[in-house]
Amino acid sequence: MIDISGLVNLMIAEQVNIPLLYPIIYNFVLKIPVIGNIVAFLLGIPIIRYLIAFILWKPIFILLIIPGFGTLGTMLLVLPWLERKLVGRMQWRVGPREIAPRTRGSIQLLADSLRFLCQEVIIHKEAHKPYFLQFPFLYFLPVLLPLLFINAGTIGRTLVPIESEYALQLMIALISLMPVFILGVGWSSNNRFAFIGTVREAFMYFAYEIPFIIAILAMVILYGTSNTVGVVSAQTSWWNWGIILNPLAALTFFVAAVMATARLPFEIPEADQELAFGPFIEYSGIAFGLAYVMAYEKMYVLSAIMTMLFLGAGSGPAIPYVTPLLGDLYYAILFVIKTLIILLVMVNLRGVYPRYRLDQGLRIGWGAMLTLGLIAVAWSIVLGVVL
Amino acid sequence: MKKVGTPEYNLQDKLKYHLSALSTAAKQVALPLNITTHYPRERRRWPDCFRGYILFDPERCISCFQCSFICPANAIWMKEAPSNRYYPTLDYGKCIFCHFCVDSCPGGALKPTKIHDVAYRTMEEMLTLTEEMVEPPEIIREDKVFVDYVIDTEDLSLKRTKGRDNLIVEIAPSQGVPMVSQCVDRASCIACKVCEKVCESGAVSSIKDEERLIVKMAIDAEKCTGCGLCVKECSMQILRLVRK
Amino acid sequence: MENKNAHIQFLESGPLAPFKKWAAKWSLWPCHFITSCCGVELAHAFACPRSPQAPITLNLGISRQSNFIIIEGTITRKMARALQFVYGQMPDPKFVNVIGACGERGGIFWNSYNITHPSDIVPVDFFVPGCPITPEALLRGVRALQDKIMGIDRKTIEFKTVELPFVELEERKVPTSPKLYAPTPAIKVDVKQEVDWDFGKELADTIKKELNGLYKSVTITGKDRIAIRTTPVNLLEVARKLRDQMQLDHVKSVNVIEVPHERKFIVEYTASSYSVEALMPVLVTIFTEIGMKDPKIPSLTSVWESANYCEREMHEFFGVWFEGNTWMGKKFLLAPDTPDLPLRKEFKIPEERYVFEKDVTPEFMVPIEPPKDLYVPIWEEFIKDAYESDEIVVPIGPHHAGSGHLRVTFRIKGDVIVDAIPEPGFVHRSMEKLAENKLYIQNIPLFERLAINDPVNMNLGYVRTIEKALGIEVPERAQYLRTIMAELSRIEAFYYDSGIFSLFFGHTTGFMYCMAIREMIIEALMRITGSRSGPSFVVPGGIRRDIPDDVLKMIDNITFAVHKRMKKFEDIFVTNPVTVARAKGVGVLTKEDAIRCGMVGPFLRASGVNHDIRKVSPYEVYDKLDWEVTTGDDGDCLGRFLGRLEEIKESVKIIKQAGDAVRGIKGPILSDAILGEYKEAASDIKGSFFRVFGNLVLPRGEWTCLTEAGRGTLLFSLISDGESNVPYRVRVISPCWMNLRGFMEAVKGERYADFWAVYGSFGYFPPEADR
Amino acid sequence: MLHANIKTGEEVIHMATPAEEELGESKWEVKVPEKKLKDKLFFENLKAVVIDTNLCSRCLTCVSICPSGLIVTDEDIVGFPDFEKNCFDCGACVRVCPRFIYEPPSGLGNYIEIVAAKSKRFKGQDGAMATELIASAIDMGMIDQGLFVDRNEKWETSIFHVRYPEQVGVGTLGGTKYVFAGILPALKEAIRFTKKGVGVVGTPCMISGIRKLQQEFPVFKEKVKLVVGLFCTENFHYNDLMKFLRDEKGIEIEKILKTNISKGSMYVTVAGAEKKRKIKMAEFEERGLVAKGCDFCTDFTAVQSDASVGSVGSEAGFSTIIVRNENAKEVMAFIREKGTAEFGEKVVMDEIDYLIKFKKKREEHIKELKLPE
């Protein structure tokens, strides 16, 4: 038997604080006749207690449940549905509905993903088979890793899996990795359109990456730290959120994020009508499903960063009774709601804008966005001096 | 002559139009001008003149072949029927729903319906025989509500009514113009009796008088339905349709 | 061919069967494989009036990611290859629905030489009848497929059989075909007409003077029509003189008429002018006769670039060799397995049957084998040359999310298109050949299928040609009603085009808004005619039946109501800075280029030429109403788009005025001249249609008529022998076909992504172009 | 067609319209000819009397009138496949057959004038005056269709309906073909489409057929306005003739430009060759290439025609025209007025007489003929 008591103690010390949880279990769940007994029995087993402790261990809870993978997974199911619904409203129609009309068609994506799962995966003979198959899966990692550094809490309530002095830099580095995989995907597809799409992606990569970094840089200068905990603590209340202090940086970041996730009006590398999904043109079945999901993951990560940098992460007014009961969870939920709002704005741009041409996209990236970013940096410096 | 120029946007215009696009979208999210009909459960009510599936009334058919002749897609083939008649069959694999046949039918035997949403598993099923065209067919109806488009001077809006729209419309069948066949050049008749053979109503008769070596030809104006087939087929082209 | 239930069996296997079936049922992603005009109704089924994401999900572009093909009508021999290829590219399990009569037994094109049965090529799950289908019918097909996936097998229509005792009786003579072909007909394209046209006489004299010694005869064949007979040797010189001295700067049509019994081809070029206002309505036909043996004639491409594609087409149809045209000997519209020289009279297509016989189904000329190759007519040197000069060759279409049924092969250097080779013909349904084998009246629905989204104008063009030949005056009320319908149709066409334009920019909202506006217009047309987009309502001498007052009132309401939604469309798409950035200054066609390429309609006007047939030679009641021609100077994509948007406002104005006027005019809607003794039908043709129209015979000669359709000048040229009740030859030059040349010109030098901007701005509708 | 109002924009000419009172009741009587063989169908009668006895001249009058449209010429012989089943037994074929009750015409017939002339517009056999007559009749508006015999490269004949004189410019229309052609079936079709009238050029047997048609049926009388007969000694069966020329004479059929019979020989002009090939008529007769029906024909000058045309009797390059009635006279007057033809020297009647007499001898063949009882 390995002695895990040290680890357990460590975990117990850093449990996520949800005051509501224990009253619920002890006052409600355990009093339900049969289920209560079972739960009581389960709680009696040591390993399960350790497991619960492990899950409720702050870094793990944040990473796995909220705002980490669990939320991400839910988001992936809900977001496309919400997107379709909202864009549908914008377009004078209703969006998915016939599937389970009671739920307003909310399980549409479940059907889609199930169908993708059961479908044939075609690897055409001209493709570079190993890379063609590996890249979509490899792509997963750099997309998810930035979540490790996201602080979803607020001042005094840090909700971050890994605290680091270089958290923002690391995030930038990880996000910059993503296009490399898209390039790989496009290259291994060995298709004209994938090739053109890849080249476009490469061009766009440089165009958005620099404003993106500069926007973050502006905030780093403003907050005087690149530690996510520090960043969040700097935004004490709504009037000194990043977006208020430096709206230009927020705009630059947002536009760069839209560019990075290839959403309209910057859906240039995928350009359905021109390139038919560009780099992903040859993917079918679950492989395409992955690629489809990946875009949303990336969007989620970028929105989360934006929430953290500009919208004060989980900070928000405390609501009597609710806040004390939910504890840490309240701030995490606030964080997720803010992220969702950013996400919805981002995805619904699809209903408002057509697509820019590559050269126009590049011009915006290298021209307007870079200028805005630099102004934002200057503004940060000015603010830094003043404050 | 009007000249249309293309706009040149400066920064201010750009901002203005970005905002206008975004605000339009936002307005639609809040208060959409939705015009969606949920088809299988709701159904648009088409106007009564809608050109859908065709029904057939054998009582009114004079077997004149005009529907078959006029059909631009050659979807109507005439099928043999009792008492020397030919009745139409309709291949929906070819029918283009122009309803030239309905408009051509002098007796009003072909009647339009509003049925149009049908899918077949095989092409063979698409051929509808005369027997099947007499009674209105049953189609799958999942609709419980029917929707009317109401267009007033403001906008298009949908009016939903509970219930089922009747797809069989009652339109008074056309009476056509009563015509009768006449011979205009009797001396040129060769008594080939093609007219008699092609006539379905038995209006043309011929009696051969072996002794006098003559054939007595007669067209009974009472029996003649004016279908015009004898006029068309007459080998000497000496028959004409005239008004009754 | 594989079993058509194989995919269902796959779904039913394994322990996960219920989930697999459920997922497949609710996740039918149709692949973007628009094959012909039913695609217009498909757009409506996907757009806001019917909530696209209800039973089927969004229309994805690429075969790899979809599991469902909706075949929209005609699969031509060329498209059959694409269909087979696309089907093969799709991952299992996959399903196929066919919509529209063309995809079933062929519909109105059943005896065309260029179409195939999709069911011979891929396993089809459901067939949806209609031409075009209604969006509801399309969705019904999808519902039926969903049921099939879930294992429910029920008929969507259940006929009740009535007992009609069939007894074998004595043989009755079966009537023969109503079509009458005159034996060895006399074809004369320059039948002299006595018309009151002083300018024409002057013009004829001027022509005679200019062409001293080069012509054989100069004949006035009607108002605004002059025919010049010349010899093949002098043809080029005549053309050059006409262009340089007479300012006839473009060709509207190149036509070949085969007269097999005289062993000759009549080759005619119909030229007109955009530069001289007085000459705008005038069509000058230069024709010459060449023997059928080794038919060679100098190409006039060097004089009139606009003749280029027409010459290629005529070369393919008749085998006439235009010396000097670079495309001789190559395929342009037709597939490699299409019968050779299909428009020659010796090539016969199947005749109609009128009597039902069991087990007899319409046959094709040549049995269609599923094609083995994917035919791309790009020669090797082209590719080699491109790669040697560091360029990339990119073929777009016919199965491409943004191509429609057209293939264009690009040579791209960097991001710039160096060369674009069009390959039309994916919807070539041989209308000209079919029209030669149908009664005059039967061709009305046929030519309507040129552009199902602009049907009334197509009807009107053809019908006016017949009326012109017969010299029929249309009653005033009918003229007003026709004008209203034609303008409704124009609006319809424009909103379809702008829907596609916005879709090409990735702007689905714009598409949805356009379809919503269209739905409103279609509602009006449906209440008038009873058909959504195949009205066939305009007939020689008038219209089929009178329009009731409540419908007129509704149309009047539309003229007000349409503005609200138009404003929304403008706000979200037209003035959108991204749209402006994408379209402005792109695909510029200068005035000179536009004239040289023989552009027509709004796209010509956008380049600064004030030419609208409605003003140039007014028809119906356009001259009685107050409206203006819209022109522009920029000639770019945005200019073309905004120009048409402005025209729509004029159209609304016209409808409003005509609607107001028509309520005060009572009277018949069919002219007495055509009704003959069937006077009862003066307000409703019902019951007398065949008797009145079945036996139309046009006087001998060539009857050419111009109308302004939604996308530009539509030219119909009927050549009648004066005796048969079927046309001897019909030449249709649809606006899109004329615009293809300029379209390709506008694309060159632009960026790759701009192709879609240009495509959308031209409103290129392949069925209209391919005919 | 279905309604009489054919909308051509031109004047509609009705066929004989019955008087108003007649329209009320629609009863009429049609005379049927007498059958020689009582219990047989009419076509069997025709077959027994005319076709099987080789009396048939292949004028195709019966083909043209048959309402079933099933009488065909197979292997140059008139036949009716499955006539037992398909024959309507109306007797029309018998009514119109000029040889069922054969009264052989012969001699020079009635005439108003005999002239020699040469067309200025057309090139054809000799003076191309048959062509000129029809073309002028079209020009003057007497007729709107003229029936000509066209041929393809293999010298197979087809009928060409000429509506414009220019159409005669088609190289293969002029010139005698010396093989049978289905002019009369085409005539029936032509009268369906014509508005003014039809002009026909034919051999004497065809002319007899047309006259018989006109005598029996007023439609033809009204619509066939100008009948131009050709001088004719005999005619050939296509298959036999071509086989003979190709196999025995070594002439490539495709290269033949023109054939011409004069002075007891056939002259064949072949492309590329300098001299005309001369083939004695006797050679044809030996091999039985001459149509059997011609043995019973005594008519050289097409006595029943409106005008007869032939090369005999006038100098080379000119045609002899026998103008027989007013119609033809009008046309000739028109030609003179317009000056479209050049008129030649006096006609040598002796040559014509010689051939008339030559053909008259064939009466003996008729006498030898045994008709079935």
Side-chain angles (χ1 to χ4, degrees), chain A residues 84-85 87-88 90-100 105 107-122 124 192-193 195-196 199-200 264-265 267-268 271-277 280-285 288-289 292 350-360, chain C residues 11 16 19-20 22-27 29 32 47-55 57-58 60-62 64-65 67 89-93 392-395 400-402 412 415 502-513 516 572-573 576 578-579 581-582 751-757:
Chain A
R84 289 182 191 176
K85 275 294 193 194
V87 172
M90 227 178 256
Q91 298 178 342
W92 304 341
R93 55 190 178 90
V94 290
R97 173 166 174 150
E98 282 310 298
I99 177 168
I107 46 174
Q108 180 65 54
L109 209 76
L110 199 69
D112 286 347
S113 41
L114 242 175
R115 198 260 296 171
F116 273 132
L117 206 66
C118 303
Q119 228 176 358
E120 184 189 5
V121 176
I122 298 172
H124 68 124
R192 273 193 183 80
F193 297 116
F195 169 73
I196 297 175
V199 172
R200 285 181 173 195
L264 282 165
E267 194 214 16
I268 296 166
D272 195 0
Q273 282 77 22
E274 293 160 24
L275 301 174
F277 284 99
F280 304 107
I281 183 170
E282 291 289 355
Y283 282 87
S284 60
F288 176 73
Y292 187 73
R350 170 159 97 80
V352 187
Y353 284 115
R355 174 189 312 120
Y356 274 116
R357 207 167 52 208
L358 177 61
D359 59 323
Q360 289 163 344
Chain C
L11 287 175
L16 288 175
F19 295 103
K20 280 199 275 187
W22 178 81
K25 175 183 177 186
W26 290 112
S27 181
W29 289 27
H32 186 107
C48 46
R50 270 160 209 89
S51 186
Q53 297 184 353
T57 321
L58 55 157
L60 266 179
I62 287 307
R64 279 286 153 78
Q65 286 118 40
N67 60 347
Q89 297 282 308
M90 282 167 56
D92 290 339
I392 175 171
V393 175
V394 185
H400 186 96
I412 298 173
D415 197 25
S502 41
L503 202 59
F504 278 172
F505 283 163
H507 196 268
T508 40
T509 310
F511 169 75
M512 297 290 170
Y513 284 15
I572 208 151
F573 180 72
N576 196 317
V578 186
T579 313
R582 274 305 297 276
R751 285 170 180 277
Y752 172 72
D754 285 334
F755 170 67
W756 286 272

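Just so it is clear: chains get the letters A, B, ... in the order the sequence lines come, proteins before strands, and each one is counted from 1.
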Would you check if there is a donor-acceptor pair between the side chains of S284(A) and R64(C) at a distance under 3.5 Å?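 No, because no side-chain N or O of R64(C) sits under 3.5 Å from a partner of the opposite role on S284(A).
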Are the side chain of Q65(C) and the backbone N or O of F288(A) linked by a donor-acceptor pair below 3.5 Å?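 No; zero donor-acceptor contacts below 3.5 Å.
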Would you find a donor on one side and an acceptor on the other, under 3.5 Å apart, between the side chain of H507(C) and the backbone of V352(A)?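 Present.
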Please examine the side chains of [Y] and [X], heavy atoms only from C-beta on, and report whether any two atoms are closer than 4.5 Å.
| X | Y | answer |
| --- | --- | --- |
| W22(C) | R115(A) | no |
| R192(A) | P395(C) | yes |
| Q91(A) | T508(C) | yes |
| R355(A) | V578(C) | no |
| P354(A) | N576(C) | yes |

Evaluate I392(C) against F195(A) for side chain to side chain contact (heavy atoms under 4.5 Å, CB included), listing each step before the verdict. CA-CA 11 Å; I392(C) 175 171; F195(A) 169 73; 4.0 Å; yes
Under 4.5 Å from a heavy atom of chain C, the part of [X] involved:
| X | result |
| --- | --- |
| I196(A) | side chain |
| E267(A) | neither |
| F280(A) | backbone |

Looking at D754(C), T509(C), V394(C), which one has more heavy-atom pairs under 4.5 Å with chain A than the rest?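 Ranked by heavy-atom pairs under 4.5 Å with chain A, first place is T509(C).
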Give the ring-plane orientation class for W29(C) versus F116(A), where under 30° counts as parallel, over 60° as perpendicular and anything between as tilted.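 Rings of W29(C) and F116(A): perpendicular, over 60°.
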One pair to check against side chain to side chain contact (heavy atoms under 4.5 Å, CB included): R582(C) and Q360(A). What are the steps and the verdict? CA-CA 8 Å; R582(C) 274 305 297 276; Q360(A) 289 163 344; 3.4 Å; yes
Pair R200(A)-Y752(C), side chain to side chain contact (heavy atoms under 4.5 Å, CB included): steps then yes or no: CA-CA 12 Å; R200(A) 285 181 173 195; Y752(C) 172 72; 3.5 Å; yes
Mind listing the closest non-hydrogen atom pair of A23(C) and A111(A) along with its distance?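 What the structure gives for the nearest pair is CB-O, 3.6 Å.
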